[in-house]
Amino acid sequence: MTADTPNESPDRQEPSQVAPAPVAVIGGGSIGIAFAIVFARAGRPVRLQEPDEARRAAVPGIVADKLADLTAYDLLDEPAEAVAARIAVVGDLAAAVAGVAYVQECAPERLDLKTALFAELDRLAPPGAVLASASSAITASSFASGLAGRDRVLVVHPGNPPFLIPVAEIVPAPFTRPEVVAAAQAILSQAGLAPVLVHKEVEGFVFNRLQGALLREAYCLVRDGVASVEDIDTIVRDGLGLRWSVIGPFETVDLNTQGGIASHAEKMGPAYARMGAERGQNDPWTPDLVATVAAERRALLPLDRWSERVAWRDRRLMSLVRHRRSENPT
């Protein structure tokens, strides 16, 4: 890893290969460093731009520590030094974005900062470069609607850290060109991420809306004296979270109930509606909505394969439980 000098390492490519276009990561915080590792691990030259001199000096050591951990868990396909050598840490924004195909902004979650920063990125980055924000809740329409190049701006919100949690939400604004969305999907997929297209701009997107729903209820349960913080973390870690690491919430209830998700909604829907009403929420699972969800699940898993999938789920959980025991023997 070098500082203040772009390192595109063309000599690492085989003679018959074309060197991948570099990417720029803007911001040397935890998400910026994680994204730099994601792209560098996938073979792309990365320019990580950080305006603070002290933070720039610290970045190489942080990257080295994270790559050492990935090596220890056999999660790198090449020496850590080869990955680190693709990451150049720079202070100048113009130098960072010169000639790049993709810009991943990872600045703090402040609307004024993102508005000013994207104005600069739109001015400095090549016209064909995708401009992506790692915003956790702020939509692209909120900070890019006034830009001349707004049609190349979108949000790419990762799980944290993205070098371990591959899901990345792609959230275009209404003005984002479809070609830009497709380019972002291709670049993220090549980097080993799992891009998920969010079809409408909503604050918090999907990841944080789901997380927020659980957090809101968790806070209420603590407030109301129902459970302690530790107890709630235990229930999620050793219950919901263990299961959700294998399958999502819709598939969970689909596999938990004979007859699938339609049967679950019929049996449990009224209870969930009462729980929501306690919190002032009125979002009933209407017959039409249940039918839509059930149809999507049946397209993914016909009922005649339900028992087979339940057995698959159980075996996956057995594997996880065995792994946990090996990591934390009693």
Point to revise | Gap separating the OG atom of Ser263 from the CE atom of Met268, nearest 0.5 angstrom | key: 11.0 Å

Check your understanding: Does CZ belonging to Arg279 count more than 12 external heavy atoms closer than 6.0 Å?
Key -> yes

Review point. Is there a path of hydrophobic side-chain contacts, each under 4.5 Å between heavy atoms of I, L, V, M, F, W or Y residues, that connects Val103 with Ile31?
Key: no

Exercise for review: Go through the steps to decide whether Leu188 and Tyr102 satisfy the test side chain to side chain contact (heavy atoms under 4.5 Å, CB included), and finish with yes or no.
Suggested key: CA-CA 10 Å; Leu188 296 172; Tyr102 180 91; 3.8 Å; yes

Point to revise | Cluster overlap Phe163 with Val89, hydrophobic side-chain contacts below 4.5 Å | key: yes

Check your understanding: Crowded around Glu179 CD? As in, over 12 foreign heavy atoms under 6.0 Å?
Key -> yes

Check your understanding: Say you draw a straight line from CD of Glu105 to CG of Leu131; how long is it, rounded to the nearest 0.5 Å?
Key -> 10.0 Å

Study note, to complete from the structure: Taking every heavy atom of Gly27 against every heavy atom of Leu48, the minimum-distance pair comes out as O-CD2, 3.9 Å

Check your understanding: With the threshold set at 4.0 Å, does a side-chain nitrogen-carboxylate oxygen contact exist between Arg56 and Glu53?
Key -> no

Exercise for review: Check whether any side-chain heavy atom of Trp312 sits under 4.5 Å from a side-chain heavy atom of Arg305, and report yes or no.
Suggested key: no

Check your understanding: Between Val83 and Val63, is any pair of side-chain heavy atoms under 4.5 Å apart?
Key -> no

Practice item. Any chance you could measure Ile26, atom CD1, to Phe118, atom CZ, to the nearest 0.5 Å? Key: 9.0 Å

Review point. Would you find more than 12 non-hydrogen atoms of other residues, nucleotides or ligands less than 6.0 Å from Glu327 atom CD?
Key: yes

Practice item. Indicate yes or no for a side-chain donor-acceptor contact from Arg150 to the backbone of Ser145 under 3.5 Å, with no hydrogens or angles considered. Key: yes

Check your understanding: Hey, what do you get for CG (Asp69) to CG (Leu76), rounding to the nearest 0.5 Å?
Key -> 10.0 Å

Check your understanding: Sub-3.5 Å donor-acceptor pair from the side chain of Ser245 to the main-chain atoms of Leu242, do we have one?
Key -> yes

Review point. Is Ile87 close to Val59 at the side-chain level, that is, under 4.5 Å between some pair of heavy atoms?
Key: no

Review point. Of all heavy-atom pairs between Ala107 and Leu117, which one has the smallest distance, and what is that distance?
Key: CB-CD2, 3.8 Å

Exercise for review: State whether Trp306 and Arg309 meet the cation-pi test: NZ (Lys) or CZ (Arg) under 6.0 Å from the six-membered ring centroid, and within 45° of the perpendicular axis.
Suggested key: no

Point to revise | Heavy-atom neighbours of Phe250 CZ exceed 12 at 6.0 Å | key: no

Review point. Above 12 or not: heavy atoms from other molecules or residues under 6.0 Å from CG of Asp224?
Key: yes

Review point. Do Gln185 and Ile170 come within less than 4.5 Å of each other through their side chains, counting heavy atoms only?
Key: yes

Practice item. Kindly check if the number of other-residue, nucleotide or ligand heavy atoms within 6.0 Å of NZ (Lys114) is above 12? Key: yes

Exercise for review: Inspect the surroundings of CD in Glu203 and state if more than 12 heavy atoms from other residues, nucleotides or ligands are less than 6.0 Å away.
Suggested key: no

Point to revise | Same cluster (ILVMFWY, side-chain, under 4.5 Å), Leu317 and Leu240 | key: no

Review point. For Arg324, does the CZ atom sit with more than 12 other heavy atoms under 6.0 Å from it, leaving out its own atoms?
Key: yes

Check your understanding: Given the rule in the side chain to side chain contact (heavy atoms under 4.5 Å, CB included) test, do Ile62 and Arg55 qualify, once you have shown the distances and angles that lead to the verdict?
Key -> CA-CA 10 Å; Ile62 298 171; Arg55 183 64 180 178; 3.5 Å; yes

**Study point:** 4.5 Å side-chain heavy-atom contact, Phe143 and Leu113
**Key:** no

Practice item. Return the orientation label for the His157 and Phe205 ring planes: parallel under 30°, perpendicular over 60°, tilted otherwise. Key: tilted

Check your understanding: Short question: side chain of Arg325, backbone of Asn328 - any donor-acceptor pair under 3.5 Å?
Key -> no

Check your understanding: So which heavy atom on Val171 is nearest to which on Lys200, and how close?
Key -> CG1-O, 4.4 Å

Practice item. Considering non-hydrogen atoms only, spot the tightest contact between Val198 and Pro172 and give its length. Key: O-CD, 3.6 Å

Exercise for review: Spell out, as yes or no, whether a donor-acceptor pair under 3.5 Å connects the side chain of Arg44 to the backbone of Phe39.
Suggested key: no

Check your understanding: Roughly how far apart are Asn256 CG and Ile261 CD1, rounded to 0.5 Å?
Key -> 10.5 Å

Check your understanding: In the single-linkage hydrophobic clustering (I, L, V, M, F, W, Y; side-chain heavy atoms under 4.5 Å), do Ile33 and Val97 co-cluster?
Key -> no

Exercise for review: Step by step, work out the salt bridge (charged side-chain N to carboxylate O under 4.0 Å, His left out) result for Glu169 and Arg209.
Suggested key: CA-CA 12 Å; Glu169 298 178 286; Arg209 281 184 170 251; over 6 Å; no

Review point. Can you name the nearest heavy-atom pair linking Phe207 to Gly159, along with the distance?
Key: CE1-CA, 3.9 Å

Check your understanding: Would a 4.5 Å heavy-atom cut-off, applied to side chains only, mark Pro161 and Ser30 as touching?
Key -> no

Review point. For the side chain of Gln190 and the backbone of Ala42, is there at least one donor-acceptor N/O pair under 3.5 Å apart?
Key: yes

Exercise for review: List the steps and the verdict of side chain to side chain contact (heavy atoms under 4.5 Å, CB included) for Phe35 and Val156.
Suggested key: CA-CA 11 Å; Phe35 259 122; Val156 170; 4.3 Å; yes

Check your understanding: From Trp244 CH2 over to Leu214 CG, what is the distance, rounded to the nearest 0.5 angstrom?
Key -> 5.5 Å

Point to revise | Any donor-acceptor N/O pair, Arg313 side chain to Ile247 backbone, under 3.5 Å | key: no

Exercise for review: Answer whether the closest heavy-atom distance between the side chains of Val155 and Thr139 falls below 4.5 Å.
Suggested key: no

Point to revise | Flag side-chain contact, heavy atom, 4.5 Å: Val38 against Val46 | key: no

Exercise for review: Could you tell me whether Arg47 and Asp92 make a salt bridge, using a distance below 4.0 angstrom between a side-chain N and a carboxylate O?
Suggested key: no

Review point. What pair of heavy atoms forms the shortest contact from Gly99 to Pro126, and how long is it?
Key: N-CG, 3.5 Å

**Study point:** N/O donor-acceptor pair under 3.5 Å between Thr292 side chain and Asp288 backbone
**Key:** yes

Check your understanding: Would Leu67 and Leu70 satisfy side chain to side chain contact (heavy atoms under 4.5 Å, CB included), going step by step from the backbone distance to the final call?
Key -> CA-CA 5 Å; Leu67 291 175; Leu70 288 168; 4.2 Å; yes

Check your understanding: Linking I/L/V/M/F/W/Y whenever their side-chain heavy atoms sit closer than 4.5 Å, directly or via other members, would Met275 and Val253 fall into one cluster?
Key -> no

**Study point:** Heavy-atom donor-acceptor pair, Arg152 side chain to Ala129 backbone, under 3.5 Å
**Key:** yes

Review point. Ignoring hydrogens and geometry, is there a side-chain-to-backbone donor-acceptor pair from Glu109 to Ala137 under 3.5 Å?
Key: yes

